[in-house]
Protein chains: 2
Amino acid sequence: MSEKEPSRVRRRNDPLDHSVLRKSERTRLAIINAALEFLSTHPFRDLTVAQLMSLAGTSRSAFYQYFEDLHDLMEKLLRGLEEDIFQVAAPWFQGDGDPIPMLEETMAGLVQLCYRQGSILRAVADAAPQDERLEHVWLEFLNDFDDAVTDRIEQHQASGLIEPFDARPVAIALNRMDASLLIHHFGRRPRSQQQPVREVIVRIWTSTLYPELSREGSVPAQSRSRRKAKPGK
Amino acid sequence: MSEKEPSRVRRRNDPLDHSVLRKSERTRLAIINAALEFLSTHPFRDLTVAQLMSLAGTSRSAFYQYFEDLHDLMEKLLRGLEEDIFQVAAPWFQGDGDPIPMLEETMAGLVQLCYRQGSILRAVADAAPQDERLEHVWLEFLNDFDDAVTDRIEQHQASGLIEPFDARPVAIALNRMDASLLIHHFGRRPRSQQQPVREVIVRIWTSTLYPELSREGSVPAQSRSRRKAKPGK
DNA sequence: AGTATAATCTGACGTCATGTCAGAAAAAGA
DNA sequence: TCTTTTTCTGACATGACGTCAGATTATACT
């Protein structure tokens, strides 16, 4: 998310009128915001540079001062998400203790995040196959997740929490499921409810990874609604 | 592949030489074959009408006599797959008896089919977000599967084979996983091996749908490759 | 503030793939 | 061989892209 600092703040007069930001930075943000707004209501295929820049309030050609092309813009948007996602996923990946509650927490966070940013995720996924470079970034993004999940499964296998099996294919499968599901449910309006999505993800992960643990204490696994999940504001 | 016959010989006596097919039909097939060949080695984004028609051996504009545009062509290709897929999936959907072997059979068939036709699947999935109509067809295709799986789960729930839970979200999740996975592993060259993919799909479906049944008889589920699985081909 | 300089913007241009159409060429039928 | 129908083709118009030189505006310094 954080690019470079506003850096040398040597404003002598009061650049505050124009906000502390450099012009270029303001324009860049205007473009990004226009894109976010547009993509929250339209599919990526309808986004053109002309459209976008008229929303952003400058001329079409100015776009190319900030991004190589639309796919480059999507890449930047993805990078923004990436951090948040890895951060919100931390509990299951790094916590210790009963893995199922950690899984639930991680997935709740993931679902909530994607509930808000799902349109970006969808836009990136839609755009990726059109551009070799973006596709590479997207696959790398997914692959990072595969690596992380594989590691975590192997750790839990080493400590006996998960029975031994080839971890990577399972990690890939679960991740692809998550991605497709999150995009499917939250990638366009109107969005699905969070709860059923959260529940089904947790159900499949736990029955796949922790079958013995999951057998108990969850009837149909309906009433497991946890803390009110602060409305997130 | 095939240029045009030495032709020049307009023998209307035996149209068999030019095959029994009408010219238009031969051209249509030439286009489709050129597309299949191209897509088995290149991503959809590199396919242009000009490229395609030069492979097919006729002029660019002739393309539009047969298809509205490239997305329409992709739709036709998808329709071709659709039948095969539903057919090969029959065992679990329609058979009766122990559900796990049926699942295994269905998934083996699915994996094998997609091993061969994966590039089409990928091309369609890649192309879908670019065209409203194709996207609709693709989503409908997935949705038909969701319906079928939901029904089957509910049947098995009614007969006590599967514990009660909201079937549709689970069906959706499992289907999206399958689709992503099949495209991921078989959508481009070099392709993954069939066995691990088949195994992981079966593992996740069974542990999700038939957790009690699956607990037994499968150690880590590695050594389940009893039969030599005739080398494919 | 006033001005020099650097940063940013803009319109015009060339490119490429698309989809259409009228006329040419070839196939089908007799 | 001739006629009719089908199929193909080149040329055109369109729309989005990405670039660039010159104009315009912001910024820094006195």
Side-chain angles (χ1 to χ4, degrees), chain A residues 4 6-31 34-35 38 42-74 127 130-134, chain B residues 3-31 34-35 38 42-74 127 130-134:
Chain A
K4 57 190 59 173
S7 74
R8 82 235 185 273
V9 201
R10 60 153 95 287
R11 80 315 237 34
R12 318 140 55 264
N13 298 338
D14 57 337
L16 268 174
D17 270 1
H18 298 75
S19 89
V20 288
L21 300 169
R22 220 184 165 63
K23 180 80 197 304
S24 68
E25 195 58 6
R26 275 183 287 141
T27 305
R28 203 180 63 88
L29 293 176
I31 296 174
F38 183 91
H42 304 270
F44 175 79
R45 64 171 165 272
D46 290 341
L47 184 63
T48 80
V49 177
Q51 266 281 320
L52 177 60
M53 293 309 280
S54 96
L55 279 183
T58 36
S59 79
R60 190 178 69 84
S61 38
F63 174 82
Y64 297 95
Q65 224 106 36
Y66 298 92
F67 306 95
E68 280 185 30
D69 52 31
L70 286 177
H71 300 104
D72 181 44
L73 167 59
M74 297 313 296
Q130 291 174 36
D131 182 78
E132 185 168 2
R133 189 175 150 70
L134 180 61
Chain B
E3 205 76 285
K4 56 188 54 173
E5 289 301 308
S7 76
R8 144 49 311 183
V9 201
R10 69 3 171 170
R11 71 281 304 298
R12 62 281 218 193
N13 298 343
D14 55 340
L16 270 173
D17 270 0
H18 294 77
S19 91
V20 286
L21 300 169
R22 217 183 169 60
K23 180 80 198 304
S24 68
E25 192 59 8
R26 276 183 286 141
T27 305
R28 205 181 61 87
L29 293 176
I31 296 174
F38 183 90
H42 304 271
F44 175 79
R45 63 170 164 274
D46 290 342
L47 184 63
T48 80
V49 177
Q51 267 282 321
L52 177 60
M53 293 309 280
S54 95
L55 279 183
T58 36
S59 77
R60 191 178 68 82
S61 38
F63 174 83
Y64 297 96
Q65 224 109 36
Y66 298 93
F67 306 96
E68 281 186 29
D69 52 32
L70 286 177
H71 300 103
D72 181 44
L73 167 59
M74 297 314 295
Q130 291 174 38
D131 182 77
E132 186 168 2
R133 188 173 151 73
L134 180 61

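A note on names: the letters A, B, ... follow the listed sequences, proteins ahead of strands, and every chain is numbered from 1. Atom set for the values below is all heavy atoms of this structure, side chains included, hydrogens, waters and symmetry mates excluded.
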Side-chain contact, heavy-atom cut-off 4.5 Å: A/Q51 with A/H42? no
Whole Å only: how far is the CD atom of B/E25 from the C1' atom of C/dA27? 15 Å
Each nucleotide of nucleotides 9-22 of chain C classed B (base within 4.0 Å of a protein heavy atom), S (only sugar-phosphate) or -, in 5' to 3' order, makes BBB------BBBB-
Can you give me the closest heavy-atom contact between B/P43 and B/F38, atom names plus distance? O-CE2, 3.9 Å
Would you call B/R22 and B/E25 a salt bridge, taking side-chain N to carboxylate O under 4.0 Å as the test? no
Heavy-atom side-chain contact between B/H71 and B/Q130 under 4.5 Å: yes
C/dT8 P sits how many Å from A/M53 CE, rounded? 13 Å
From CZ of B/R22 across to P of C/dA27 the rounded distance in Å is 12 Å
Protein-nucleotide distance (B/L29, atom CG; D/dT7, atom C1'), rounded to Å: 15 Å
Interatomic distance where CG belongs to A/L21 and C1' belongs to C/dT8 [whole Å]: 15 Å
Can you tell me how far the CE atom of A/M53 sits from the CZ atom of A/F63, to the nearest 0.5 Å? 7.5 Å
Taken to the nearest whole Å, CZ/B/R26 to P/C/dA27 is 8 Å
Reported OG1-to-CZ distance for the pair A/T48 and A/R60, which is rounded to 0.5 angstrom: 8.5 Å
